Amino acid sequence: MRTVEEHLAACLAAVSPLAPVELGLLDAVDCVLAEDVVATSSLPAFDGSAMDGYAVRHADVASAGPDAPVSLPVVADLPAGVREVAPLAAGAAARIMTGAPVPPGATAVVPVEDTDGGVATVLVRRAVREGLHVRRAGEDVRPGTTLVTAGTRLSVRHVALLAAVGRERARVLPAPRVAVLSTGSELVEPGRPAGFGQVVDANSTALTAAALDVGARATRVGIVDDDPQRLMSVLEGQLEGADVLITSGGVSAGAYDVVKEVLSRLGTVEFHKVAMQPGMPQGLGLLTRGGHSVPIFTLPGNPVSAYVSFEVFVRPALRRMLGEAELHRPTVVATATQGWSSPPGKRQFTRALVTTDDDGRPRVRPASGPGSHLVFGLAGANALAVTGEDTTSVEPGDVVRCVLLERGRR
Ligand SMILES: Nc1nc2c(c(=O)[nH]1)N[C@H]1C(S)=C(S)[C@@H](COP(=O)(O)OP(=O)(O)OC[C@H]3O[C@@H](n4cnc5c(N)ncnc54)[C@H](O)[C@@H]3O)O[C@H]1N2
Ligand code: MOO
């Protein structure tokens, strides 16, 4: 039997980040940047007005006050987007809008609220200090500044910056394409009635959602019944368009466990028992076609086993492919308020509910019994409480490490 660490190491070794690609900014959001982005121009690009008002020389309005307005002739009208701006002579004002270039010679902008709003001449009712309401060229970004470094996951805010400096595209690690399929002749499509002995396919939806949540481009392929030929041809059909394949079911010891049967023959996929509960039977390997090799994770069919296997092995592998430095979810050490038992020799991942007490200290209790088919309790959990191979029971008051299952990338 393999340890969890041994199988995780094998899973991580089976994947690597994809080759960088140039993507439009909207497609690059959430991808890891594969280049340093360096500014080639200034932001703002020119001295501009931060207010609708009048560009003046501040010395000309030094004596202005509410009861002592200064009258200046208005010699220009400057909307945002104006392409030519004449220098401002002493003793004159230019009507100016927010975002318009400030004329050479002007040293400040008087907001329209501090004037009479005149068009031919303007009465200025407040003195302004030098530079007031003028946005200086380059005060935000100077050419040569490194704006975002390689390895950064592009947030909406990074993309806003790249767009502002004129970038249309960025070189990023692409999100892996993940194809998810469920195996089992007992399975029926969600939404279809399940007859006696039939089971609704929950895993392909759950695992596709989980892969999307990590940031992969995941597709739910659906159900393949327990027919070796059909399974092989569906898998081969997916190879070209996928960077990762995930299956569930058919990997334990049953007479019709076709995943194990079919893929064992291919040689590069190995099946192991991993010392964990749930999630003991695991398969991992590479499927190759036309020189294109795709890692395949074959997860156990029980829905909780499939989900926990994804969390423990596939999620870190996908994060590695996405270029994330931190592969694992955050954990918290919580005090058990209720006890539970744990199988000897196996690491147990218990569906759990972590809460905080009145003093803000974390508390944990099981959200479900241990059966790998109990999905109701899984939905009520917000954590996996992890107990070691040597632990056979958790008592109230014991401290337990819990993996927090929040939605999203972290
Ligand atoms: N003799 C042994 N039997 C079993 C062993 C073993 O070591 N020896 N291991 C058990 C463990 S642990 C697990 S986990 C399961 C894993 O079995 P498989 O991966 O072969 O999965 P199946 O047999 O196909 O299905 C198991 C169970 O889950 C249901 N299932 C499967 N796929 C889905 C799906 N997409 N959506 C919802 N439910 C699904 C399926 O109907 C079965 O009830 O094997 C134990 N047996
Ligand atoms: O190890 Mo299985 O995954 O208990 O249900």
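What you see below is based on every heavy atom in this structure, not just the backbone, and it leaves out hydrogens, waters and symmetry mates. Here the structure is a predicted model, which is why all the values come from computation and not from measurement. Numbering of ligands and ligand atoms starts at 1, following listing order. Numbers for residues simply follow the sequence, beginning at 1.
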Report task. Would you mind running through ligand 2 and noting each atom that sits below 4.0 Å from a heavy atom of N302? Result -> 5 (O)

Query raised in the report: Which atoms of ligand 2 are found less than 4.0 Å from any heavy atom of S305?
Result: 2 (Mo), 3 (O), 5 (O)

Query - Test: E5 and R347 ion pair at under 4.0 Å - result: yes

Report task. Give the residue and atom name of whichever protein heavy atom lies nearest to atom 4 (O) of ligand 2, and the separation in Å to one decimal. Result -> S372 OG, 3.1 Å

**Report entry** Carboxylate-amine/guanidinium contact R125 D114, below 4.0 Å
**Finding:** no

Requested in this report: Kindly confirm or rule out an N or O of M280 lying under 3.5 angstrom from an N or O of ligand 2.
Outcome: yes

Could you list, one pair per line, each nitrogen or oxygen of ligand 1 together with any protein nitrogen or oxygen closer than 3.5 Å, giving atom names and the distance rounded to 0.1 Å?
residue  : atom   : partner : partner atom : Å
ligand 1 : 17 (O) : S252    : OG           : 3.1
ligand 1 : 19 (O) : G250    : N            : 3.4
ligand 1 : 19 (O) : V251    : N            : 3.3
ligand 1 : 19 (O) : G301    : N            : 2.9
ligand 1 : 20 (O) : G250    : N            : 3.2
ligand 1 : 20 (O) : V251    : N            : 3.0
ligand 1 : 20 (O) : S252    : N            : 3.0
ligand 1 : 20 (O) : S252    : OG           : 2.9
ligand 1 : 20 (O) : D257    : OD1          : 3.3
ligand 1 : 20 (O) : D257    : OD2          : 3.4
ligand 1 : 21 (O) : G250    : N            : 3.4
ligand 1 : 21 (O) : G301    : N            : 3.3
ligand 1 : 24 (O) : G250    : N            : 3.1
ligand 1 : 28 (O) : G301    : O            : 3.4
ligand 1 : 28 (O) : N302    : N            : 3.3
ligand 1 : 28 (O) : N302    : OD1          : 3.3
ligand 1 : 30 (N) : G301    : O            : 3.3
ligand 1 : 35 (N) : S182    : OG           : 3.3
ligand 1 : 35 (N) : D201    : OD1          : 2.8
ligand 1 : 35 (N) : N203    : ND2          : 3.4
ligand 1 : 36 (N) : A202    : N            : 2.9
ligand 1 : 36 (N) : N203    : N            : 3.4
ligand 1 : 41 (O) : E186    : OE2          : 2.7
ligand 1 : 44 (O) : S252    : OG           : 3.2

Report summary line: Quick note, side-chain hydrogen bond (donor to acceptor under 3.5 Å, both in side chains) partners involving residues 161-184, not counting sequence neighbours, are E35-R167, R177-D243, S182-D201

Requested in this report: Kindly confirm or rule out an N or O of P300 lying under 3.5 angstrom from an N or O of ligand 2.
Outcome: no

Query raised in the report: Only one of D77, T115, D52 forms a side-chain hydrogen bond (donor to acceptor under 3.5 Å, both in side chains) with R95, so which one is it?
Result: D77

Query raised in the report: Is there a side-chain contact between T356 and R361 (heavy atoms, below 4.5 Å)?
Result: no

Query raised in the report: Between E113 and R126, is the closest basic N to carboxylate O distance under 4.0 Å?
Result: no

Report task. Write down the atom of V102, the atom of I96, and the distance for their closest heavy-atom approach. Result -> CA-CD1, 3.9 Å

Query raised in the report: Which residue and non-hydrogen atom of the protein lie closest to atom 3 (O) of ligand 2, and at what distance in Å?
Result: G279 N, 2.4 Å

Query raised in the report: When you look at CG of D359, are more than 12 heavy atoms from neighbouring residues, nucleotides or ligands closer to it than 6.0 Å?
Result: yes

**Report entry** Electrostatic pair D225-R230, nearest N-O below 4.0 angstrom
**Finding:** yes

